[in-house]
Amino acid sequence: MASFYIKTYGCMMNVYDSDKMANLLVARGYTQVLNPHDADILIFYTCNVREKAVHKLLSDIGRLKTVNAKIIAVGGCIAQAESKRLFERSPSINISFGPQTYHKLPEYIESILKGERKRIIDDTFYKMDKFNICPKKKNVSFSEHIAIQEGCDNFCTYCIVPYTRGREYSRPVKDILNEAKWLLDNGAQEIVLWGQNVNSYNGEAPYITIGQPKATWRIERLLQEVSKLPGLRRLRYSTSHPKDFNEELMRVHNEISVLVPFTHIPVQSGSDKILKQMNRGYTSAEYLAKLDRFRKICPSIQFSSDFIVGFPGETDEDFKDTLRLVEKAKYTISFSFKYSPRSGTPAAKMRDQVPEKVKEQRLEILQDTLLRDQITFNKALIGKTQEILFYKKGKHSKQYIGKNVYMQSVVVENGDDLIGKFRNVLIKSAEENCVIGQVV
Ligand code: 5AD
Ligand code: SF4
C-alpha cells in the first residue's frame with residue numbers, strides 16, 4: 001500500500017483536520033511517513049489567512065517533490081479559495097480539496113492511482129460529514145484538541161475564513177462528548193475545545209424533552225459537561241469573539257475547577273474607527289468594559305489577544321489608540337500581525353492601504369509593548385509554585401518545556417522524563433519568552 005506525508009500550515013484547526021485525515025488514510029491501509037522523500041503521496045494542508053501563502057506553498061511543493069511522489073494533493077483554505085489558480089500554476093498538483101472535503105481524500109487518491117482521473121478539484125461544503133466519517137484516533141496524546149464548531153458568520157472585512165471555512169456549524173453535544181470520552185479513556189489529560197468562533201457555539205443537545213422542541217446548548221453548558229468526564233485535568237477553549245462573550249461564560253471559569261483562568265479574546269485594534277471598518281461589532285470602550293467585568297467575576301482571569309496593524313486607513317493616531325488599549329488591557333501574551341490583503345475580502349479593495357514600511361514600524365512598536373507586559377506578568381510569578389504540564393524536551397539533555405495555565409512556557413532541568421506529566425514547579429526567574437523553574 002502507498003505511503004503518505006502531510007505538511008500542515010496555519011492554525012490548530014488545520015492540525016486537527018490533518019490528524020483526522022491521517023487516521024482516515026491509516027485506517028485504509030496507507031502508511032504515514034515523516035520524511036517527504038519516502039512518500040508516494042504528498043499532502044499539503046494549507047492556510048490562507050496571511051501573507052504570500054500561495055507563493056510559499058508552490059516553493060515547498062517544488063522543494064519536497066521527488067521522483068517517488070506519485071500524487072500531490074493540496075487541501076485546506078488555499079485549495080478552497082484558489083483551486084483553479086493552483087492547477088494553472090503547478091501542473092504537478094493532482095488533487096485540490098477544501099477543508100470540508102478531506103474525508104473524500106482516500107476516494108480521490110484511489111481514483112488517481114487507478115488512472116481513472118488525472119486531476120480532481122473538490123471545493124464543496126459538505127457540512128460536517130467529515131467529523132462523523134473519520135475513525136477514532138489511535139495514538140492519543142496527553143493534550144488533545146476537539147473541534148466543536150467550524151466556520152464563521154462574522155465577516156470581518158480583512159478575513160478570508162468565512163469564504164474558505166463557510167458558515168458557522170456547531171457539532172452536536174453527543175458527538176463532542178463521545179470524542180472527549182474516547183480521548184480521556186485513552187490517555188488524554190488536557191482537552192482544548194476548538195473552533196473559529198467557539199463562544200457562538202450552539203450545538204444540538206444530547207437528549208430531547210418530550211413535548212419540547214429540539215434544544216441546543218451553548219458553550220457554557222458544554223464546558224460543564226466535558227469537565228465532568230473522568231481523567232480530565234485541564235480544559236481550555238479557543239478562539240472567542242469579544243461581542244459574543246457573555247457573563248455566563250465568565251462565570252463558568254469560577255465554577256469549573258479544571259477550566260484554566262485564561263482566555264483568548266482578540267481585539268484586533270484599539271481605534272473605534274478601524275474597528276468599525278473591520279466590522280468587528282464593538283468599540284474599544286465596550287471591549288475594555290468586558291475585560292473589567294470578567295476580572296470582577298473571576299479575579300484570577302488573564303487574557304491574550306490578536307492584533308492587526310496597518311489596516312487600510314489606519315493613521316498614527318489610530319495606532320496610538322491601539323497602544324492605549326494595550327496599556328489598559330494588560331495582556332499576558334499576544335499575537336500581532338501586519339495587515340495582509342486577502343483577495344475577495346472587502347478590505348483588500350479599500351482605499352488608503354498603509355505602506356509596508358509603516359506596517360513594519362508599527363508592528364515592532366506594538367510587539368515591544370506587548371512583550372514588556374508579558375515580562376512584567378512573568379516576573380510577578382517569581383517565588384510562586386504553579387502546576388505545569390510538560391509538552392516537550394528543551395535544547396539541553398535534561399531540559400523540559402511545559403506550560404502553565406496562562407500558556408506561558410516554563411523551562412526546568414530534571415533527571416526524569418517529564419513529557420505528558422503534571423508537576424508543581426517553583427518559578428525562579430523570568431526571561432523574555434518564558435519562565436525558569438524547579439520541580440518541587
Ligand atoms: N491580515 C493580517 N492578519 C489577519 N488575521 C486574519 N486575517 C488577517 C489578515 N488579512 C489575524 C487576526 C486573527 C488571526 C487568527 O489572524 O488577528 O485573529
Ligand atoms: Fe475571521 Fe472575524 Fe470570523 Fe475571526 S471572527 S474567523 S477574524 S471573520
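Quick note: residue numbers are just sequence positions, from 1. When a ligand or atom number is given, it counts from 1 through the structure's own listing order.
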Of all the non-hydrogen atoms in the protein, which one sits nearest to atom 10 (N) of ligand 1, and at what distance?
-> S340 O, 2.8 Å
Using a 4.0 Å heavy-atom threshold (strictly under), name the region of I308 that reaches ligand 1: side chain, backbone, both or neither.
-> side chain
With heavy atoms of P162 as the reference, note each atom of ligand 2 found under 4.0 Å away.
-> 8 (S)
Identity and separation of the nearest protein heavy atom to atom 17 (O) of ligand 1 | Q268 OE1, 2.7 Å
Can you tell me the protein heavy atom closest to atom 4 (Fe) of ligand 2 and the distance?
-> R280 NH1, 4.5 Å
Give the contacting part of P266 toward ligand 2: side chain, backbone, both or neither, where contact means a heavy-atom distance below 4.0 Å.
-> neither
Among non-hydrogen protein atoms, atom 14 (C) of ligand 1 lies closest to D306 OD2, 3.5 Å
For the residue pair Q196 and Q149, confirm or rule out a side-chain donor-acceptor distance under 3.5 Å.
-> no
Min N/O separation R342 to ligand 1 under 3.5 Å | no
Any N/O/S atom of C159 sitting less than 2.8 Å from atom 1 (Fe) of ligand 2, backbone or side chain?
-> yes
Any N/O/S atom, backbone or side chain, of H241 lying under 2.8 Å from atom 2 (Fe) of ligand 2?
-> no
Checking M350, K349, K276 against T157 for side-chain contact (heavy atoms from CB on, under 4.5 Å), the one that qualifies is M350
No-hydrogen, no-angle side-chain donor-acceptor test under 3.5 Å, D318 and T315 = yes
heavy-atom search around atom 7 (S) of ligand 2 in the protein gives Y158 OH, 3.3 Å
Looking only at protein heavy atoms, which one is nearest to atom 16 (O) of ligand 1, and how far off is it?
-> R50 NH1, 2.6 Å
Interatomic distance, NZ@K328 vs OG@S284, rounded to 0.5 Å, equals 7.0 Å
Could you list which atoms of ligand 2 come closer than 4.0 Å to a heavy atom of V161?
-> 6 (S)
Which atoms from ligand 1 have a heavy atom of K338 less than 4.0 Å away?
-> 1 (N), 2 (C)
Look up atom CD in E314 and atom CD1 in I274, then write down how far apart they are to the nearest 0.5 Å.
-> 5.5 Å
By number and element, which atoms of ligand 1 are closer than 4.0 Å to a non-hydrogen atom of F337?
-> 3 (N), 11 (C), 14 (C), 16 (O), 17 (O)
Considering heavy atoms of the protein only, find what lies nearest to atom 6 (C) of ligand 1 and give residue, atom and distance to 0.1 Å.
-> V49 CG1, 3.3 Å
Flag for E190-Y391: side-chain donor and acceptor within less than 3.5 Å | yes
Among all protein heavy atoms, pick out the one at the shortest distance from atom 7 (N) of ligand 1; state its residue, atom name and that distance to 0.1 Å.
-> Y158 CD1, 3.3 Å
Polar proximity ligand 1 side, Y339 side, N/O cut 3.5 Å exclusive | no
Taking heavy atoms and a distance under 4.0 Å, where does C156 meet ligand 2: side chain, backbone, both or neither?
-> both
Say whether R165 and ligand 2 are in contact under the criterion: heavy-atom distance to a ligand atom below 4.0 Å.
-> no
Between R342 and N48, is any side-chain donor less than 3.5 angstrom from a side-chain acceptor?
-> yes
Distance-only side-chain donor-acceptor flag, N199 / Y237, under 3.5 Å = no
Does one side chain, of N404 or E387, offer a donor that lies under 3.5 Å from an acceptor on the other?
-> no
Decide whether Y45 and D17 meet the rule of one side-chain donor and one side-chain acceptor closer than 3.5 Å.
-> yes
At what distance is the nearest protein heavy atom to atom 3 (Fe) of ligand 2, and which residue and atom is it?
-> C152 SG, 2.2 Å
Do T216 and N202 have a side chain donor and acceptor closer than 3.5 Å?
-> yes
With heavy atoms of N154 as the reference, note each atom of ligand 2 found under 4.0 Å away.
-> 5 (S)
Between the side chains of N378 and Q408, does any donor sit under 3.5 Å from an acceptor?
-> yes
Side chains of S92 and S90, donor plus acceptor under 3.5 Å | yes
